[in-house]
Amino acid sequence: MFPREYRGVAFVVGLFLVVQVGALALVPEFAESGYQAVENPENPANSVLYVVAIVAMTGLMLAAFRYDFDGAIRLLIVGVSAWLSWYVFSALVSPLAAAVPAVAVAVGLLVHPEWYVIDTAGVLMGAGAAGLFGISFGLLPALILLAVLAVYDAVSVYGTEHMLSLAEGVMDLNIPVVLVIPLSLSYSLLDGESASEEASGVGEEAETDEEPDSGHDSDTTDGSDAAEPAEAGDRDAFFIGLGDAVIPTVLIASAATFSPAADLAVPLLGVNLPALLAMVGTLAGLLVLMRWVIRGRAHAGLPLLNGGAIGGYLIGSVVAGVPLIEALGLAGIL
């Protein structure tokens with residue numbers, strides 16, 4: 001039997017796959033329903049505005065934690081969870097009927113925020129957010145977004161380290177800003193203090209790192225980096241920021257929507273070779289990241305994850321016969 005850390009890695013990969021496949025399944029429904037968030041998805045300025053929004057939200061959350069408005073942040077994230085869940089469920093049932101499970105997600109997070117409730121909400125949020133942004137960001141804006149956020153993640157983790165402060169607040173709220181990866185069936189997030197050693201979530205959510213808390217030893221990845229990594233055998237859980245699953249998936253969904261590559265005719269999914277290899281590249285980056293985390297090394301997640309997604313996307317485009325200039329979204333500019 002594999003060590004429990006490797007079972008945890010398998011669980012992380014499974015969660016990423018659910019987010020990716022879920023986003024691809026939602027893309028056609030979202031596009032048909034007119035959920036595109038911007039008028040011109042090919043405008044690179046969309047990426048800049050989104051990054052500015054991330055920085056502003058990070059500052060707002062840090063200020064909220066500083067002045068003891070933690071409860072307001074928790075309610076905000078729970079509300080966003082319900083909203084994004086509604087988008088997901090509305091692709092399956094009528095908008096009115098979709099409100100019922102969406103409200104149930106919010107109630108579950110407020111009443112019983114156990115790890116499986118948080119992960120369920122996180123997967124719904126991740127697939128919904130990636131699908132919505134995937135149809136709203138053309139190829140060039142999506143590539144710019146991933147490149148800029150990879151740099152931002154590295155700077156915030158290795159340079160300014162301001163995400164350490166953010167983690168101290170976020171990890172205690174038990175909200176789907178991070179995905180919780182238990183390493184045993186008996187693990188409970190609610191049995192002790194917040195289980196956190198470091199976490200970092202990038203994207204609409206947050207990007208965080210935190211030092212070990214008594215009660216649960218853990219390692220987290222996603223823009224992850226730990227100041228004092230736990231020994232492999234002592235961990236009760238891994239934590240990976242939801243943004244690490246969402247941001248690379250934006251490119252996957254964008255490739256499925258805007259790439260001229262031929263569709264692979266996969267049942268229920270609108271997927272082409274660039275999108276498929278972007279998935280493979282993301283998962284390859286995830287495996288490298290988790291290998292480092294298991295060894296007790298902490299690292300920013302998005303440079304590896306986004307780099308894998310971009311590399312896989314470009315290889316898939318070339319193999320599919322898409323000219324590189326077109327794959328980069330520059331054909332209409334140059």
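The residues of the chain are indexed from 1 along the displayed sequence.
Proximity of Val13 to Leu286: side-chain heavy atoms (C-beta onward) are separated by under 4.5 Å at one or more points. Using a 4.5 Å heavy-atom cutoff, the side chains of Leu179 and Phe238 are not in contact.
Across all non-hydrogen atoms, the minimal contact from Thr282 to Ile252 is OG1-CD1, 4.2 Å. Across Phe258 and Phe137, no two heavy atoms sit closer than the pair CE1-O, 3.2 Å. Taking each heavy atom of Asn272 and Ala262 in turn, the nearest pair found is CB-O, 3.3 Å. A pairwise comparison of heavy atoms in Ala265 and Asp263 identifies N-OD1, 2.7 Å as the closest pair. Between Leu190 and Pro113, the shortest heavy-atom contact is CD2-O, 3.6 Å. Ala327 and Leu143 get closest at one heavy-atom pair: O-CD1, 4.0 Å.
Of the possible donor and acceptor atoms, one in the side chain of Ser136 sits under 3.5 Å from a partner among the backbone N and O of Ala37. Between the side chain of Trp86 and the backbone N or O of Pro95 there is at least one donor-acceptor pair closer than 3.5 Å.
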Do Leu146 and Ile247 pass the side-chain contact (heavy atoms from CB on, under 4.5 Å) test, and can you show the C-alpha distance, the side-chain angles, and the key distance before you say yes or no?
CA-CA 7 Å; Leu146 265 67; Ile247 299 303; 3.9 Å; yes
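Cluster annotation: Leu26 and Leu17 are assigned to the same hydrophobic cluster (Ile/Leu/Val/Met/Phe/Trp/Tyr, side-chain heavy-atom contacts under 4.5 Å, transitive). Residues Leu60 and Leu49 do not share a hydrophobic cluster, clusters being chains of Ile/Leu/Val/Met/Phe/Trp/Tyr side chains in contact below 4.5 Å.
For the side chain to side chain donor-acceptor pair (under 3.5 Å) test, no residue two or more places apart in sequence or in another chain qualifies with Ser33.
Aromatic ring pairs are classed by plane angle as parallel below 30°, tilted from 30° to 60° and perpendicular above 60°; the pair Tyr87 and Tyr35 is perpendicular.
From Leu76, atom CG reaches atom CD1 of Ile175 across 8.5 Å, with rounding to the nearest 0.5 Å.
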